[in-house]
Amino acid sequence: MSQYQSVKGTRDILPEEVVQWKYVEDIVNTLAGLYGFREIRIPVFEYTELFQRGIGSTTDIVGKEMYSFQPDPNGRSVTLRPEMTAGVMRAALQKNLFSLAPVHKLFYIGELFRKERPQAGRQRQFSQFGAELLGVSSPAAVAEVITLMMHVFDSLGLGGLKLRLNTLGDTDDRLRYREALQAWFSPFHNLLDEASKERLEKNPLRILDSKNPAMQELVAGAPRLYDYLKASSLDDFRKVLFYLDERSIKYEIDHRLVRGLDYYCHTAFEVTSSELGAQDAIGGGGRYDALARELGSSVDVPASGFAVGIERLLIIMEKQGLFATIPQDSPTVYLVVQDQALADHGLSIAWQLRRAGIKTEIDLASRSMKAQMREANKVKASYALFLGHLEYETGQYSLKNLVTSEQTTLSLEAVLHFLHEQGQSKPHFS
RNA sequence: GUGAUUGUAGCUCAGUUGGUUAGAGCGCCAGGUUGUGGCCCUGGAGGCCGGGGGUUCGAGUCCCCUCAUUCACCCCA
């Protein structure tokens, strides 16, 4: 064990795993593009107030999970981003994107930081991809965002996911419901657990999705937000469901689904997987019409978005054996050099092959031919190209197909030609 | 922040009621004749048994502390 180890809740992604990450990222890039979303990259840290305003000071994220610090003695407090939405909206407002066009469709892939106790599927540094559709208040926008998210899951081949939806109504609806909830819970004040008591004051809706069985029992009899929705809110939600039905996207309606962030309104959704253990949410999102105003915008910017946890996604893919289909990035040629005397010549040939766009591996440690062959086999090279003294003198090289074990003797030009014919060369810079 | 769990070679783990030089499999390295892999065989390197203190003639094995890990609660991706 080395003296230093990675910080609690962080981990290294080694090359074998990076392949998996890129595979996922490629699909995200492709599909987001297919739906007309363009990538945005924003800073990993922001002024702390952005998150306090944007996410809500009553949330756990802001209350106890942020990594905040002062960049200099007189500086304002800054915070490592614990989520993306607030930052994306900030960027859009700061850059006046809405004066260029009323609608912006953005997606992102990036790392987030929350100071939580690590456990299965939860780390202090983790990654999400997500999309934000800004400037559209139609239920079509949420449907669009959900559809993209589910399309990604589908393309990756994930099975056994459950999409749950709820509607939180608009501000009026929630205000009236909030009062109704407080009135209903008040007589049971003594039965509430610590967290719920606090929520009763600050954000009674959050009592609804408590995991505490005792609370759930209590909640079962509580009034439903659904019954407090005005007609237009109800229509909005029904329209979302209509779109999902039309696209054959399966879902469940869950009246207790509230979501932890204050900025949501109308449709909220969450996707869970039974493969994940206790932290079973792989993605979620919803509509957040009030966020822009909250951040000081002078105009309304209705918005919808989702975020998906990449580490959790990869856990599911691993468990479902979905990595087998990822193509291996193995070399085409392993150049086997007889001995030290030919090492420099070997390097020269390797360089020529690479210039020709042929993925070539060579042993820089001058090990025995046997060792080189074992290595060639281990890295799954397609061919071994032998450079011995005979080849050096005659200019005729032995090329061995490592799958069929067939071996032929060719000039270097013929080797290049042959590999090009085989489609083994790739586009390159020259 | 709370609770529980585990901590022996790079990895996965054995290590009996505390008793001599701490083991296996995989991986790694090198060989198995003269320039060639996968299988097989042989050999080798690699462990202050997480760290500190204590009990004991003697501790990987018992006790305490500490650090780390993992899982769960809270909450979220």
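Letters go in sequence order (proteins before strands), and every chain restarts at 1.
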Task: Residue met sooner reading RNA chain B from 5', once A:Ser6 and A:Glu270 are mapped to nucleotides - done: A:Ser6
TODO: Rounded off to whole Å, could you give me the CD-to-C1' distance for the A:Gln128 and B:A77 pair?
DONE: 5 Å
- [ ] Check for a donor-acceptor pair, side chain of A:Thr360 on one end and backbone N or O of A:Ile358 on the other, with a separation under 3.5 Å.
- [x] yes
Open item on the list: I'd like to check the side-chain hydrogen bond (donor to acceptor under 3.5 Å, both in side chains) partners of A:Gln20; sequence neighbours left out, ordered by chain and number.
Closed with: none
Give each protein N/O atom lying under 3.5 Å from an N/O atom of nucleotides 31-34 of chain B, with the pair distance.
from, atom 1, to, atom 2, distance (Å)
B:G31, O6, A:Arg374, NH2, 3.4
B:G32, N7, A:Lys370, NZ, 2.9
B:G32, O6, A:Arg374, NH2, 3.1

Open item on the list: Can you tell me how far apart CG (A:Leu314) and CD (A:Glu318) are? Round to the nearest 0.5 Å.
Closed with: 9.0 Å
Open item on the list: When the C1' atoms of B:C76 and B:U6 are compared, how many Å lie between them, rounded to an integer?
Closed with: 26 Å
- [ ] Nearest whole angstrom, please: distance from the C1' of B:G37 to the NZ of A:Lys400.
- [x] 6 Å
Open item on the list: So A:Leu402, base contact, sugar-phosphate only, or nothing? Heavy-atom distance under 4.0 Å.
Closed with: base
- [ ] Starting at atom NZ of A:Lys8, determine the distance to atom C1' of B:U69, rounded to an integer number of angstrom.
- [x] 8 Å
Open item on the list: With a 3.5 Å limit on both atom pairs, tell me what B:A45 is paired to, counting Watson-Crick and G-U wobble, or say none.
Closed with: none
Task: Complementary nucleotide of B:G27, counting Watson-Crick and G-U pairs under 3.5 Å - done: none
Open item on the list: It should be established whether A:Gln279 places a side-chain nitrogen or oxygen under 4.0 Å from OP1 or OP2 of nucleotide B:A77.
Closed with: no
- [ ] Starting from P on B:A77, measure out to CD on A:Glu132 and report it in whole angstrom.
- [x] 12 Å
TODO: Write down the distance separating the P atoms in B:U16 and B:G53, rounded off to the nearest Å.
DONE: 24 Å
- [ ] Could you state the atom-to-atom distance from NZ of A:Lys64 to P of B:C74 in whole Å?
- [x] 10 Å
- [ ] Please work out if A:Gly121 contacts a base, only the sugar-phosphate, or nothing of the nucleic acid, heavy-atom cut-off 4.0 Å.
- [x] base
- [ ] From the options A:Glu111, A:Glu17, A:Glu311, select the one residue that forms a salt bridge (Lys or Arg N to Asp or Glu O under 4.0 Å) with A:Arg11.
- [x] A:Glu17
Open item on the list: Using modelled atom types and a 3.5 Å cut-off, is there a donor and acceptor pairing between side-chain atoms of A:Arg81 and backbone atoms of A:Pro43?
Closed with: yes
TODO: Give one of base, sugar-phosphate or nothing for A:Arg114, where a contact means two heavy atoms less than 4.0 Å apart.
DONE: base
Open item on the list: Strictly distance-based, threshold 3.5 Å: is any side-chain N or O of A:Glu391 a donor or acceptor partner for the main-chain N or O of A:Gly388?
Closed with: yes
- [ ] Look at A:Glu375 together with A:Lys378 and state whether they make a salt bridge at an N to O cut-off of under 4.0 Å.
- [x] yes
TODO: Output all residues satisfying side-chain hydrogen bond (donor to acceptor under 3.5 Å, both in side chains) with A:Asp339, sequence neighbours left out; order by chain, then residue number.
DONE: A:His389
- [ ] Find the distance A:Glu65:CD to B:A77:P and express it as a whole number of Å.
- [x] 10 Å
Open item on the list: Mind checking if A:Leu390 touches a base, just sugar-phosphate, or nothing, with heavy atoms under 4.0 Å?
Closed with: base
Open item on the list: From CG of A:Asp280 over to P of B:C76, roughly how many Å is that when rounded to an integer?
Closed with: 12 Å
Task: Sorted by number, the residues of residues 375-387 of chain A with heavy-atom contact under 4.0 Å to RNA chain B - done: A:Asn377, A:Lys378, A:Phe386
- [ ] Answer yes or no: side-chain N or O of A:Gln372 and base N or O of B:U36 forming a donor-acceptor pair under 3.5 Å.
- [x] no
When you compare the protein's N or O atoms with those of nucleotides 1-4 of chain B, which come within less than 3.5 Å of each other, and at what distance?
from, atom 1, to, atom 2, distance (Å)
B:U2, O4, A:Arg117, NH1, 2.6

Open item on the list: For a quick check, tell me whether the side chain of A:Glu391 and the base of B:G35 share a donor-acceptor pair closer than 3.5 Å.
Closed with: yes
Open item on the list: Main chain of A:Pro118, side chain of A:Lys8: is a donor-acceptor contact present, judged purely on distance under 3.5 Å?
Closed with: no
Task: Separation of B:A77 C1' from A:Ile316 CD1 (nearest whole Å) - done: 11 Å
Task: 5' priority, RNA chain B, between A:Ile282 and A:Gly9 [closest heavy atom] - done: A:Gly9
Open item on the list: Roughly how many Å apart are B:G38 and B:C26, using the P atom of each and rounding to a whole number?
Closed with: 15 Å
Open item on the list: Whether the side chain of A:Lys319 engages the backbone of A:Glu275 through a donor-acceptor N/O pair (distance < 3.5 Å, no angle test) should be reported.
Closed with: yes
Open item on the list: Ignoring hydrogens and geometry beyond distance, is a side-chain donor-acceptor pair present between A:Glu132 and A:Thr85 at under 3.5 Å?
Closed with: yes
Open item on the list: Donor-acceptor check, side chain of A:Tyr177 to backbone of A:Pro223, threshold 3.5 angstrom: yes or no?
Closed with: yes
Open item on the list: Using the side-chain hydrogen bond (donor to acceptor under 3.5 Å, both in side chains) criterion, which residues pair with A:Tyr334? Sequence neighbours excluded.
Closed with: none
Task: Proximity to the side chain of A:Met369 - top-ranked nucleotide from B:G35, B:G37, B:A72 - done: B:G35
Open item on the list: Counting only side-chain nitrogens and oxygens, does A:Gln119 get under 4.0 Å of the OP1 or OP2 atom of B:U70?
Closed with: no
